Amino acid sequence: MKFFYDKVSALLQEIASNNYNITLDYPVWELPSRQKFGDLSTAAPLKIASKLGKNPLEIAKEIKEDLSKKVNEDVKRIEIVKPGFVNLFFSESLLINELREIIQYKQNYFKGNNKRKVLIEFVSANPTGPLSIAHGRQAVVGDVIANLLEAQGNKVKREYYLNDQGRQIDLLVLSVKERIKEIEGKGCQIPEGGYQGEYLKDVAKAYLKKGKGGSLYEFCLNYIQSLIKADLDKLNISFDDWFSQKKLIEENKVEEVIKILKEDGFVYEKEGALWFNSAKFFDDKDRVIKKSDGTLTYFASDIAYHYNKCRRGYDKLINLWGPDHHGYIGRVKSALKALGYKEELLTVVIIQLVSLKSKQRMSKRAGKLIRFSELIKEVGKDAARFYYLTRKNSSHLDFDIDLAQKSSFDNPLYYIHYVCARIESIFKKANSLPDEKFSKYLKEPQELNMVRFLLQFSLCLQKSYYSLEPVFIIEYLKELASMFHKFYEKVRVLGDDSKKTKARLNILQATKEVLYFGLGILGIEPVEEM
RNA sequence: GCGCCCGUAGCUCAAUCGGAUAGAGCAUCGGCCUUCUAAGCCGAGGGUUGCAGGUUCGAUUCCUGCCGGGCGCACCA
């Protein structure tokens with residue numbers, strides 16, 4: 001389907017360009033809203049007509065004629081509808097052939113051959129406490145986007161930027177010091193803006209248990225980082241690299257990059273501080289990079305960090321940030337631009353907040369910490385991953401923790417898992433294995449519609465890939481599950497007619513491939529029985 | 001005041017860079033198990049897509065202005 005889709009897309013582009021001198025926007029074909037409109041649909045005639053001031057139906061007719069000459073028996077019928085749509089109906093032989101290919105190539109059928117080198121940086125929560133529920137979302141979305149990129153053939157590196165220096169860390173260490181004093185009976189005064197969380201008592205205890213020597217700073221950092229790693233581990237997420245901000249500063253990288261910006265005239269002094277002229281690019285004002293007290297700002301090291309990323313030779317940089325960072329995009333892109341890189345090199349995906357049904361907002365610094373680990377203890381890895389992916393990145397996610405704690409019965413993941421279980425169950429009872437030679441016996445509408453939908457998975461993957469939105473895969477799998485359960489009710493797989501049985505086992509096999517591939521990208525385990 | 005996100009059925013959400021009759025689940029009501037798992041399937045009810053304009057052959061989608069909710073707007077990180 002992917003190749004067929006690419007082929008007809010190229011054909012349509014060619015026709016538009018040759019006959020009308022118009023370049024069509026991606027996507028040129030889309031899935032029709034209703035089955036009666038065929039398997040692929042295009043509104044290209046309407047678009048061409050509006051540009052040329054011609055009658056869309058005339059153009060649709062011309063396109064249909066041109067297309068008919070160029071597609072072979074893969075297309076059964078081309079239809080023109082109302083204002084000026086052109087609809088394609090696939091032939092049964094195309095469907096059967098593609099089904100064969102899925103079974104033959106298995107999950108490779110859906111893999112892409114992009115060869116870009118991509119760096120994705122996500123979570124990067126300050127190492128001042130365990131992960132919150134919002135961080136969990138960023139972790140899962142980032143991991144799935146990385147999987148998605150890999151599935152399309154790209155080489156992906158996952159990176160966590162560790163803000164292991166600066167005021168927040170200082171406050172953390174001071175807070176732990178107070179907790180140590182508390183344990184020693186010397187009173188406890190958490191500093192202004194310090195951390196109240198109970199987990200700091202654990203840090204303090206562990207530090208005392210170890211015997212006080214050694215750097216408290218190092219100890220805190222390692223302890224908290226291990227908490228974060230443990231949380232990520234529960235989601236089965238690991239990073240290729242933990243990039244240390246502290247190291248960046250110690251190795252003088254920040255001063256180096258400031259020097260470069262200075263030489264190019266993007267840095268100036270005002271009121272005793274050093275400013276970066278970001279307003280010249282994509283920011284609404286200039287930003288301080290070195291404070292009047294001589295210390296560097298967080299932004300300064302972030303410039304150095306992104307400069308470092310750029311120099312590592314990636315074709316694409318992706319950052320996942322929380323919504324509180326949206327105003328930050330402009331200044332980082334400005335820095336890249338000033339350093340001679342294209343701003344498109346960096347894509348920032350903003351992951352909106354996660355709230356609870358109780359409407360309580362999570363704030364890490366308020367001390368009212370809602371730990372991610374508590375959540376996952378209740379619902380488990382797969383359900384947590386699934387829930388986190390059920391909204392678009394830009395939408396708030398209302399995580400119904402009460403429901404998740406109460407029962408997992410309403411979890412749509414069960415509906416999808418049930419498909420796995422039913423397929424496995426049939427395979428166990430079947431006397432024969434799927435055999436693609438028998439696919440030609442698939443003739444009934446329910447069977448062919450199932451195949452049609454399986455083929456659409458390629459387009460779903462593409463859409464998810466280009467938009468960096470994992471939610472489309474979730475939506476597809478829910479729909480696939482619905483289609484399958486209907487199929488299951490209406491079409492009996494195991495029957496007297498061995499040819500039909502074998503043919504239908506092919507559908508199950510292909511469904512399994514799609515399901516396993518989709519779940520694999522989401523990082524969710526399939527089940528064998530329920 | 002400025003910027004970003006959101007507003008769709010009683011509730012939670014879909015709707016393929018603007019497309020054809022705005023769809024699912026939950027909840028409510030009614031049907032379907034001597035046959036591959038009923039954690040399922042089939043059916044019914046439920047909508048002025050926050051409001052008002054605009055652009056378009058076509059608007060839930062894009063633009064403008066309001067209303068309502070969330071989040072930002074540091075020489076914090």
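Quick caveat, the model's predicted, so the values are computed rather than measured. Just so it is clear, the values below take in all heavy atoms, side chains as well, and ignore hydrogens, waters and symmetry mates. First the proteins, then the strands, lettered A, B, ... as listed; each starts at 1.
Taking atom CG of A/L397 as the reference point, atom P of B/C71 lies 15 Å away to the nearest angstrom. At whole-Å resolution of the value, CG in A/D293 and C1' in B/A74 are 13 Å apart. For the pair A/K428 NZ and B/C36 P, the interatomic distance rounds to 15 Å; values are reported in whole Å. Rounded to whole angstrom, the span from the CG atom of A/L31 across to the P atom of B/U16 amounts to 11 Å. To the nearest angstrom, P of B/C36 lies 22 Å from CG of A/N506. Here B/C76 presents its C1' atom at 13 Å from CZ of A/R287, a figure rounded to the nearest Å. A straight line from CG of A/L468 to P of B/U16 spans 18 Å, rounded to a whole angstrom.
By the 5.5 angstrom centroid cut-off and the 30-degree plane limit, A/Y415 is classified as not stacked against the base of B/A39. Judged by centroid separation below 5.5 Å and plane tilt below 30°, A/F85 does not stack onto the base of B/G19.
Under the side-chain hydrogen bond (donor to acceptor under 3.5 Å, both in side chains) criterion, A/E218 pairs with no residue at all, not counting sequence neighbours. Residues passing the side-chain hydrogen bond (donor to acceptor under 3.5 Å, both in side chains) test with A/T501, sequence neighbours excluded: none. For A/S394, the side chain to side chain contact (heavy atoms under 4.5 Å, CB included) partners two or more places apart in sequence, or in a different chain, are A/K392.
Listed pair A/R34 / B/G23 meets the phosphate criterion, a side-chain N or O lying under 4.0 Å from OP1 or OP2. Contact annotation: A/S33 does not reach the phosphate of B/G19 (side-chain N/O to OP1 or OP2, under 4.0 Å). Contact annotation: A/K291 side-chain N/O to B/C76 OP1/OP2 distance is under 4.0 Å. Here A/K429 reaches the OP1 or OP2 of B/U37: one of its side-chain N or O atoms lies under 4.0 Å away.
In this structure, A/H135 contributes its side chain and A/I228 its backbone to no donor-acceptor pair below 3.5 Å.
Residue contacts for A/H325: at a heavy-atom cut-off of 4.0 Å it reaches a base atom on one of the strands shown. Using a 4.0 Å heavy-atom criterion, one finds that A/E469 contacts no nucleic acid atom at all. Among the protein residues, A/N393 comes within range of no part of the nucleic acid, since none of its heavy atoms lies under 4.0 Å from any strand. Using a 4.0 Å heavy-atom cutoff across all strands shown, A/P27 reaches at least one base atom of the nucleic acid. Using a 4.0 Å heavy-atom criterion, one finds that A/D25 contacts the bases of the nucleic acid, with or without backbone contacts as well.
Taking the C1' atom of each, B/A44 and B/A9 are spaced 15 Å apart, rounded to whole Å.
Every pair passing side-chain hydrogen bond (donor to acceptor under 3.5 Å, both in side chains) that includes a residue from residues 52-64 of chain A is listed here, sequence neighbours excluded: A/Y20-A/E62. Applying the salt bridge (Lys or Arg N to Asp or Glu O under 4.0 Å) test to residues at least two apart or on different chains, the pairs with a partner in residues 23-49 of chain A are A/D39-A/R452. Within the structure, salt bridge (Lys or Arg N to Asp or Glu O under 4.0 Å) contacts touching residues 419-429 of chain A (residues at least two apart or in different chains) are A/R422-A/E489, A/E424-A/K512, A/K428-A/E529.
Checked by distance alone, A/S50 brings no side-chain donor or acceptor within 3.5 Å of a matching partner on the base of B/C57. At a cut-off of 3.5 angstrom, counting only N and O atoms as typed in the model, there is a donor on one side and an acceptor on the other between the side-chain of A/K36 and the base of B/U21.
Among B/C57, B/C71, B/A20, the nucleotide with an atom closest to any side-chain atom of A/P83 is B/C57. Proximity note for A/K82 (side chain, C-beta onward) versus B/A20, B/A77, B/U12: the nearest is B/A20. The side chain of A/L46 has B/G19 as its nearest neighbour among B/A77, B/C75, B/G19. Comparing B/U37, B/C73, B/C75 by their closest approach to the side chain of A/K285 singles out B/C73. Comparing B/C13, B/A77, B/A15 by their nearest atom to the side chain of A/K392 picks out B/A15.
Less than 4.0 Å separates RNA chain B from at least one heavy atom of each of the following residues of residues 470-480 of chain A: A/F472, A/E475. Of all the residues in residues 482-503 of chain A, A/H485, A/K486, A/Y488, A/E489, A/V491, A/R492, A/V493, A/L494 reach under 4.0 Å from RNA chain B with at least one non-hydrogen atom.
If you check the side chains of A/D497 and A/Y441, you find no donor sitting under 3.5 Å from an acceptor. A donor atom on one side chain and an acceptor atom on the other are found under 3.5 Å apart for A/S301 and A/Q245. A donor-acceptor pair shorter than 3.5 Å cannot be found between the side chains of A/Q168 and A/N163.
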Next item on the list: Show your reasoning for whether ring-ring contact (aromatic ring centres under 6.0 Å, His included) applies to A/F37 and A/F85.
Entry: CA-CA 9 Å; A/F37 295 128; A/F85 294 102; 7.3 Å; no
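Summary of the strand contacts: A/R422 and A/T297 both lie near RNA chain B, and taking for each the nucleotide with the nearest heavy atom, the more 5' one is attributed to A/R422. Nearest-nucleotide positions on RNA chain B for A/E271 and A/T390 put A/T390 closer to the 5' end.
Few gaps surround NZ on A/K309; more than 12 heavy atoms of other groups in view lie less than 6.0 Å from it.
Annotation: A/F4 is in aromatic contact with A/F90 [ring centroid separation under 6.0 Å].
Annotated as syn: B/C33, whose O4'-C1'-N torsion sits within 90° of 0.
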Margin query: Pairs counted only when both distances fall under 3.5 Å, Watson-Crick or G-U: show me the 5' to 3' dot-bracket for RNA chain B, [ ] for pseudoknotted crossings and | for other-strand partners.
Written below: (((((((..((((.....[...)))).(((((.......))))).....(((((..]....))))))))))))....
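For the pair A/I258 and A/F276, the minimum side-chain heavy-atom distance is 4.5 Å or more. With a 4.5 Å cut-off on side-chain heavy atoms, A/Y388 and A/Q138 do not count as touching.
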N/O donor-acceptor pairs under 3.5 Å from side chains in residues 466-478 of chain A, not counting sequence neighbours:
{"residue": "A/S467", "atom": "OG", "partner": "A/K463", "partner atom": "O", "Å": "2.6"}
{"residue": "A/E469", "atom": "OE1", "partner": "A/N393", "partner atom": "N", "Å": "2.9"}
{"residue": "A/E469", "atom": "OE1", "partner": "A/N393", "partner atom": "ND2", "Å": "3.3"}
{"residue": "A/Y476", "atom": "OH", "partner": "A/F453", "partner atom": "O", "Å": "2.7"}

Side-chain donor-acceptor distances from residues 502-509 of chain A under 3.5 Å, at least two apart:
{"residue": "A/R504", "atom": "NE", "partner": "A/E447", "partner atom": "OE2", "Å": "2.6"}
{"residue": "A/R504", "atom": "NH1", "partner": "A/R492", "partner atom": "O", "Å": "2.8"}
{"residue": "A/R504", "atom": "NH2", "partner": "A/E444", "partner atom": "OE2", "Å": "3.3"}
{"residue": "A/R504", "atom": "NH2", "partner": "A/E447", "partner atom": "OE2", "Å": "3.0"}
{"residue": "A/N506", "atom": "OD1", "partner": "A/D435", "partner atom": "N", "Å": "3.0"}
{"residue": "A/N506", "atom": "ND2", "partner": "A/D435", "partner atom": "O", "Å": "2.8"}
{"residue": "A/N506", "atom": "ND2", "partner": "A/S439", "partner atom": "OG", "Å": "2.9"}
{"residue": "A/Q509", "atom": "NE2", "partner": "A/E513", "partner atom": "OE2", "Å": "3.0"}

Could you write out each protein N or O paired with an N or O of nucleotides 3-6 of chain B at a distance under 3.5 Å?
{"residue": "B/G3", "atom": "N2", "partner": "A/H326", "partner atom": "ND1", "Å": "3.4"}
{"residue": "B/G3", "atom": "N2", "partner": "A/H326", "partner atom": "NE2", "Å": "3.2"}
{"residue": "B/G3", "atom": "N3", "partner": "A/H326", "partner atom": "NE2", "Å": "3.3"}
{"residue": "B/C5", "atom": "O2'", "partner": "A/S394", "partner atom": "O", "Å": "2.4"}

